[in-house]
Chemist: 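One structure, pasted below without further comment.
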Amino acid sequence: MLYFARWKIALILGTILIGVMFLLPNFVSESTRYGPDGRPQGVWSVLPSDTLNLGLDLRGGSHLVFQVDMDEVRSERLVRLADDVRTVLRNQPAILTAAPAVVEGRVVVRLSRPDDMEAALRRLRGINEPVSNSFGQASLDQTLSIEADPDGRTIRVGITEAAFEEIQRRTVTQSVEVIRRRIDGTGTTEPTIVRQGDDRVLVQVPGESDPQRIIEIVGTTARMTFHMVEANVDPGPDGQGRTPPGVIILPTEEAGEPFLAVQRRALVTGEQLVRASQGFNEAGQPSVNFTFNTSGARAFGDATAANVGRRFAIVLDDVIISAPRIRSPIMGGSGMIDGGFTVQSANDLANMLNAGALPARLTPVEQRSVSAGLGQDSIDRGQTAIIIGFSLVIVFMLLAYGFFGVASTLALVVNICLLMGGLSGLQATLTLPGIAGIVLTIGMAVDANVLIFERIREEYRSGRTVANAIENGYQHALSAILDANVTTFIAAAVLYMMGAGPVRGFAVTLGIGIMTSVFTAFVFSRLLLAGWLRFAKPKALPM
Amino acid sequence: MNLSSFALVRFLPVETDFGFIRMRVGAFVLSLFMVLGSVAAFFTMGLNLGIDFRGGTAIEISTEGPADIALIREVVSAAVPGDVQVQGFGTDEDVLIRVGEIDPEVINALEGFEALDAAQAQQAVQQLVRGALVEAIPDVSFERMEVISPQVSDELRVAGATAVLVSLFLMLVYIWLRFEWQYSVGAVLALAHDVIITIGFFSVTQLQFNLPTIAAILTIVGYSMNDTVVIYDRIREMFRKFKSLPTPQVLDLAINATLSRTILTSGTTLVALIAMAVMGGPALEGFAMALIWGVAIGTYSSIFVAAPLLTVTGVRRDGGDRED
């Protein structure tokens with residue numbers, strides 16, 4: 001146990017050196033490490049240049065989890081499916097049915113004549129319900145489940161679970177992409193946008209301690225459509241007016257005209273926009289300027305040419321944001337929306353239109369934000385706690401073990417270097433509970449040394465020589481050290497798997513701390529004592 | 001040079017000979033009393049659940065100059081109809097405002113809101129509180145804001161409980177693999193004892209019980225297990241060494257042999273934790289308190305519960321002789 005081959009010594013010292021190298025960047029200012037081009041410069045292009053990756057609770061920022069509303073997606077899908085079912089059954093020769101209805105997650109059709117069952121099933125099987133609507137292609141053969149009831153007249157058509165899972169997967173992936181484009185558009189640095197679980201999206205924005213703006217940016221679906229206004233239909237004072245087929249009543253943002261009746265069918269949709277930007281109208285008020293693609297421009301041009309003098313409505317997420325009158329045909333494919341914008345809200349809308357509509361509604365279900373000031377305060381307090389805890393533990397060890405306490409102090413110093421270096425090197429997120437994990441590690445790290453030293457004392461008392469006692473002490477303490485640390489490691493691993501956010505940071509520091517503690521207490525301190533034995537050749541145990 | 005003069009203090013007599021096992025009946029009674037007391041406290045007083053586990057809104061604000069808590073309470077209560085708690089947080093300028101989970105109907109009944117779901121209602125609370133505070137106290141700054149929807153708090157409750165149970169189960173399996181089932185039963189009973197009494201501690205003190213508290217409990221589980229394993233390891237070794245000695249005496253020998261280590265390690269850990277409790281600020285205070293309590297309980301339970309339980313589970317003397 002006390003003999004170290006040269007290569008082993010080199011390995012141990014090398015490990016420590018690597019740890020220190022990863023720790024080093026934390027003591028050098030960012031402007032020294034990185035050149036103006038944002039790349040590491042000088043020695044830092046060779047050495048590790050990353051510092052500790054501070055969590056949002058330490059650097060300030062917002063952490064938001066959004067729930068993708070899959071129930072809404074499911075019901076929208078079913079309404080569309082019901083439309084498709086009606087269309088295929090009404091094709092000539094028409095099969096007579098009651099209007100298909102959505103019941104318990106499936107479209108239910110009742111045939112007027114049971115004899116039509118065969119033909120109806122054949123036509124329904126021909127419906128190709130693509131898994132993805134506006135992006136990508138259908139990727140599943142079997143997306144519909146079609147069942148005939150034993151009564152011979154009722155057919156139930158549903159979307160298979162496999163297809164729905166695929167829809168969900170794509171919806172969440174698209175949401176992540178759209179959110180990323182939107183947040184990138186605001187010029188925020190280093191946002192993290194990832195899927196969480198099956199139907200959630202995690203958004204982390206460092207430096208933004210007001211989550212409300214992110215919620216507005218992410219929580220708006222931004223589905224924009226253009227519709228003709230039906231001036232002949234009275235929307236009624238509360239939006240409950242009678243509407244002919246194909247006409248709907250939508251709320252507006254204007255106080256004098258709370259509701260307007262518009263055609264259900266959209267002239268152009270937001271997907272046909274190629275570019276939107278913030279501008280100003282003739283009156284100098286902020287506006288959103290936009291340009292359609294070729295098909296959008298043609299559709300918009302034709303529609304405006306045919307309806308000069310009438311009004312059209314610009315609808316954003318089922319609310320009319322503007323309803324201008326068409327004075328002349330709008331050819332060229334570009335236009336402008338004005339109405340009650342501030343520069344920021346016009347910018348945000350333009351940004352959202354450029355990023356595209358979200359495929360589903362997103363609701364914030366978890367929000368944590370911390371100001372940069374409080375974060376810095378936590379760092380300062382954490383540092384003080386670490387330094388004081390560290391000093392107290394050292395005093396404790398020196399008092400208890402004297403000379404051996406020096407060995408364990410050195411081991412503890414190396415331990416902290418390795419732990420911090422490890423956190424920097426792995427770019428693990430250091431959170432406030434993570435700092436608590438470091439303090440706790442400092443307290444618990446000496447345990448292995450204590451176990452060994454107590455064992456050495458015992459061995460020495462039972463009459464062994466110093467070298468023998470030390471040798472045996474390390475040997476006999478090993479199994480207890482391993483078992484004890486494996487159990488703590490299990491607790492940390494469970495915490496890592498079950499925990500979220502800041503708590504996970506605690507699990508990470510605790511886990512890395514356990515590994516560095518075992519290494520420094522069992523391997524590094526042994527190397528120190530072996531060296532001491534060799535040079536001092538002690539006759540009595542100095543503790 | 002006489003190096004032994006470096007050891008300035010002996011914390012403990014070098015060799016102790018306490019009769020721990022003799023005290024086991026007293027210890028079991030004490031433990032039983034604490035466990036039952038904790039369970040009773042849990043069911044009568046409940047836990048002061050943080051918003052992680054009960055949903056709602058937490059806002060930490062700071063003001064220029066000492067905060068007027070009564071005014072803040074009045075302003076917030078007027079803004080949101082619900083369960084509002086306002087308390088000082090660390091310094092005179094810092095205030096923590098908590099609003100419990102709110103029924104969306106309550107918010108929808110207010111002017112300017114309609115058809116909000118449960119998650120949106122909690123968001124609305126945050127906006128209402130912020131708006132009211134900015135109006136009443138213009139120099140207020142918002143240091144920390146958390147909004148947890150009922151859906152997420154339900155999940156976190158389940159995840160928290162699962163984490164504790166899973167870790168206990170994994171400990172059971174690990175000790176069973178490394179030792180014998182008699183040891184693992186003793187160890188896990190001692191752990192359950194620690195967890196229950198720690199929860200009781202939170203119930204009696206009404207300290208806030210939140211996500212970091214679960215982290216603290218799991219750490220206590222790890223720490224207490226660590227402590228127990230060291231003693232068990234020595235017990236197994238002593239059983240091999242002293243084959244003819246009666247079990248209680250072997251247990252005593254093992255506990256005494258590891259006693260100074262037990263006390264030193266809990267000493268250094270407690271010292272570090274006290275530094276955290278005193279210096280770490282209000283955010284870490286509760287966490288550190290839980291750990292301090294847990295380390296004390298875990299140390300007690302390793303000596304007075306886990307080891308003596310081996311006389312009850314009937315550890316097999318010959319079976320433990322497996323060489324590692």
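Since we're looking at a predicted model, the values are computed, not measured. Excluded from the calculations below are hydrogen atoms, water molecules and symmetry mates; all remaining heavy atoms, backbone and side chain alike, are included. Just so we're on the same page: letters track the sequence lines, and every chain starts at 1.
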Chemist: For the residue pair Asp233(B) / Ser479(A), report whether a side-chain donor-acceptor contact shorter than 3.5 Å exists.
Modeler: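 Ser479(A) vs Asp233(B): donor-acceptor pair found between side chains.
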
Chemist: Hey, are the side chains of Leu374(A) and Glu60(B) touching, using non-hydrogen atoms and a 4.5 Å cut-off?
Modeler: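 Answer yes - side chains close enough.
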
Chemist: Which pairs, with at least one residue in residues 213-233 of chain B and sequence neighbours excluded, count as a ring-ring contact (aromatic ring centres under 6.0 Å, His included)?
Modeler: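 Residue pairs passing ring-ring contact (aromatic ring centres under 6.0 Å, His included), neighbours aside: Tyr183(B)-Tyr232(B).
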
Chemist: Using a cut-off of under 4.5 Å on heavy-atom pairs, state which of Asp483(A), Leu440(A), Ile215(A), Val494(A) scores highest against chain B.
Modeler: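 Counting heavy-atom pairs under 4.5 Å, the top option is Asp483(A).
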
Chemist: Just so I know, are the side chains of Arg234(B) and Arg455(A) near enough to count as touching, which here means a heavy-atom distance under 4.5 Å?
Modeler: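 Yes, at least one pair of side-chain atoms sits under 4.5 Å.
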
Chemist: Given that the side chain runs from C-beta out, which part of Ile51(B) has a heavy atom under 4.5 Å from chain A: side chain, backbone, both or neither?
Modeler: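 Contact with chain A involves no heavy atom of Ile51(B) at all.
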
Chemist: Are any of the side-chain heavy atoms of Glu458(A) and Ser260(B) separated by less than 4.5 Å?
Modeler: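 Answer no - side chains too far apart.
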
Chemist: What I want to find out is whether Arg144(B) reaches Asp57(A) closely enough, with some N-O distance under 4.0 Å, to be called a salt bridge.
Modeler: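 Salt bridge: no.
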
Chemist: Minimum heavy-atom separation for Ala215(B) to Val503(A), with atom names?
Modeler: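 Heavy atoms of Ala215(B) and Val503(A) come nearest at CB-CG1, 3.9 Å.
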
Chemist: Can you check whether Met498(A) reaches Val166(B) side chain to side chain, under 4.5 Å on heavy atoms?
Modeler: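 They are in side-chain contact.
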
Chemist: Side chains of Arg368(A) and Asp52(B): does their closest heavy-atom pair fall under 4.5 Å?
Modeler: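 Answer yes - side chains close enough.
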
Chemist: Could you tell me whether the side chain of Gln367(A) reaches within less than 4.5 Å of the side chain of Glu146(B), counting heavy atoms only?
Modeler: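 No, too far: nothing below the 4.5 Å cut-off.
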
Chemist: As a quick check of understanding, evaluate side chain to side chain contact (heavy atoms under 4.5 Å, CB included) for Thr487(A) and Thr228(B), giving each step before the final call.
Modeler: CA-CA 10 Å; Thr487(A) 53; Thr228(B) 302; over 6 Å; no

Chemist: Out of Val450(A), Asn449(A), Asp447(A), which residue meets the side chain to side chain contact (heavy atoms under 4.5 Å, CB included) rule with Leu264(B)?
Modeler: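 Exactly one option meets the side chain to side chain contact (heavy atoms under 4.5 Å, CB included) with Leu264(B), and it is Val450(A).
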
Chemist: State, yes or no, whether a side-chain contact exists between Thr363(A) and Gln120(B) at a heavy-atom distance under 4.5 Å.
Modeler: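 Thr363(A) reaches Gln120(B) side chain to side chain.
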
Chemist: Without hydrogens or angle criteria, can the side chains of Gln126(B) and Gln212(A) be said to hold a donor-acceptor pair below 3.5 Å?
Modeler: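 On atom types as modelled, these side chains qualify, holding a pair under 3.5 Å.
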
Chemist: What are the residues of residues 266-273 of chain B, in order of number, with any heavy atom under 4.5 angstrom from a heavy atom of chain A?
Modeler: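 At a heavy-atom separation under 4.5 Å, chain A is reached by Gly267(B), Thr268(B), Thr269(B), Val271(B), Ala272(B), Leu273(B).
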
